**Student:** 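Supplied in structure tokens, the structure appears directly below.
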Amino acid sequence: MKTVATALVGAALALTVGTTAAKAAPPEVFACVPEWASLVKAIGGDRLTNVTLATSALDNPESMKPTPGLIAALGKADLIVCTGAGLEDSWLPAMLERAGNAKITKGKPGHFMASEFVKLIEDDQDEHDHGHGEKKADKGHMHGEGNPHIQGDPNNVRLVAGQLAKRLIALDPEGKDVYGENAKKFIAQLTALTKELQGKAAPLKGVNIAVQHGHSVYLLKWLGVKTAATVEPEPGVAPGPAHLTEIIDDVPKQKIRFIVYAPYEDPGASRYVGEKAKIPVVKLPFTVGGTPEANDLFGLYKDSVDRLLDGLAGRERT
């Protein structure tokens, strides 16, 4: 009897070990920019504990230097979540090639580009086409597929959230309930917040502002704010005196109320225009982590609206 009992215990242990071994581990995720890392964590919850973020809010997402650590993370990733539409073209393709991970190459389930699920604003559209009043596209933000800074509009993020949940379920069926419930909760909360903020931001509709670069077109279009001038048409290239003078002269003519810039930008030129034209300069978070208040996607939209309203009230926000 003892021998039989021992055999049964051994068989049970073997079955348990085999079941544990067969159980798939949750996917490792590589996010290119903070907004998608935040979304992954919102949908993945406690199930997704291995999420690598390539850039921070203080980095220009269009230009970064690959590091051995990031390449190693790509080599182990089961899923990459990036924007696409040209945003990461200067660094991601080379990193993918060096990582040599077939699971995350274009066309595979592990390759997720958020811009594929939303309607992009064309960089060269005029104010009559896209409705946000931008006089012309700034040269430094021309992208063949359209402007990639889609995170500015929460309606875009809501669409991406649903698609990301589907992709996670396809890659990790055992997490279906977690991903489904978290996505449903996130989308409901974001929908309610979007409606609330649109009401709060009503005074901004139709207001003319200046921007340092064309990185906030989706945010501004969502809220009905018009871009009347771009301070620095080419990123990293200081605008000339003639251009700055033109913008300063345009402030009263166009009734420009304030200037906005992103955390990764040097606001020197914007502050110069602001001082000369006597209008406030406002730092927008641009992405998650861009300001202390923008600690997740909900905070990103709340703080963006608060800061824009402060600008309208004549208050600086840095």
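Since the model is a prediction, treat every value here as computed from it, not as a measurement.
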**Student:** Indicate, with yes or no, if Ile256 and Phe258 share a hydrophobic cluster defined by side-chain heavy-atom contacts under 4.5 Å among Ile, Leu, Val, Met, Phe, Trp and Tyr.
**Tutor:** no

**Student:** Going by an N to O cut-off under 4.0 Å, is there a salt bridge joining Asp306 and Lys200?
**Tutor:** yes

**Student:** Between Val157 and Phe186, does the side chain to side chain contact (heavy atoms under 4.5 Å, CB included) criterion hold? Intermediate values first, please.
**Tutor:** CA-CA 10 Å; Val157 172; Phe186 175 84; 4.1 Å; yes

**Student:** Look up atom CD1 in Ile247 and atom CD in Glu232, then write down how far apart they are to the nearest 0.5 Å.
**Tutor:** 9.5 Å

**Student:** I want to check something: taking the side chain as every heavy atom from C-beta on, are Leu309 and Leu204 in contact at a cut-off of under 4.5 Å?
**Tutor:** yes

**Student:** Is there a donor-acceptor contact under 3.5 Å linking the side chains of Thr83 and Trp36?
**Tutor:** yes

**Student:** Answer yes or no: are there more than 12 heavy-atom neighbours, outside Lys41 itself, under 6.0 Å from its atom NZ?
**Tutor:** no

**Student:** For Leu48 and Ile43: C-alpha separation, side-chain torsions, deciding distance, then whether side chain to side chain contact (heavy atoms under 4.5 Å, CB included) applies.
**Tutor:** CA-CA 9 Å; Leu48 296 182; Ile43 296 174; over 6 Å; no

**Student:** Hey, are the side chains of Lys278 and Val251 touching, using non-hydrogen atoms and a 4.5 Å cut-off?
**Tutor:** no

**Student:** Quick one: do Ile248 and Ile209 end up in the same hydrophobic cluster if we chain Ile, Leu, Val, Met, Phe, Trp and Tyr together by side-chain heavy atoms under 4.5 Å apart?
**Tutor:** no

**Student:** Would you check if there is a donor-acceptor pair between the side chains of His215 and Glu265 at a distance under 3.5 Å?
**Tutor:** yes

**Student:** Are the side chain of Asn101 and the backbone of Leu74 linked by a donor-acceptor contact shorter than 3.5 Å?
**Tutor:** yes

**Student:** If you count heavy atoms of other groups shown closer than 6.0 angstrom to CD of Glu97, is the number above 12?
**Tutor:** no

**Student:** Examine the side chains of Tyr179 and Asp172 and answer whether a donor and an acceptor come within less than 3.5 Å of each other.
**Tutor:** yes

**Student:** Quick check on the 6.0 Å ring-centre criterion: do Phe117 and Phe112 meet it?
**Tutor:** yes

**Student:** Determine, stepwise, if the pair Arg307 / Asp303 fulfils salt bridge (charged side-chain N to carboxylate O under 4.0 Å, His left out).
**Tutor:** CA-CA 6 Å; Arg307 286 170 177 266; Asp303 195 44; 2.7 Å; yes

**Student:** Calculate, to the nearest 0.5 Å, the distance between atoms NE2 and CG belonging to His149 and Leu87 respectively.
**Tutor:** 6.0 Å

**Student:** Does atom CZ of Arg98 have more than 12 heavy-atom neighbours from other groups under 6.0 Å away?
**Tutor:** no

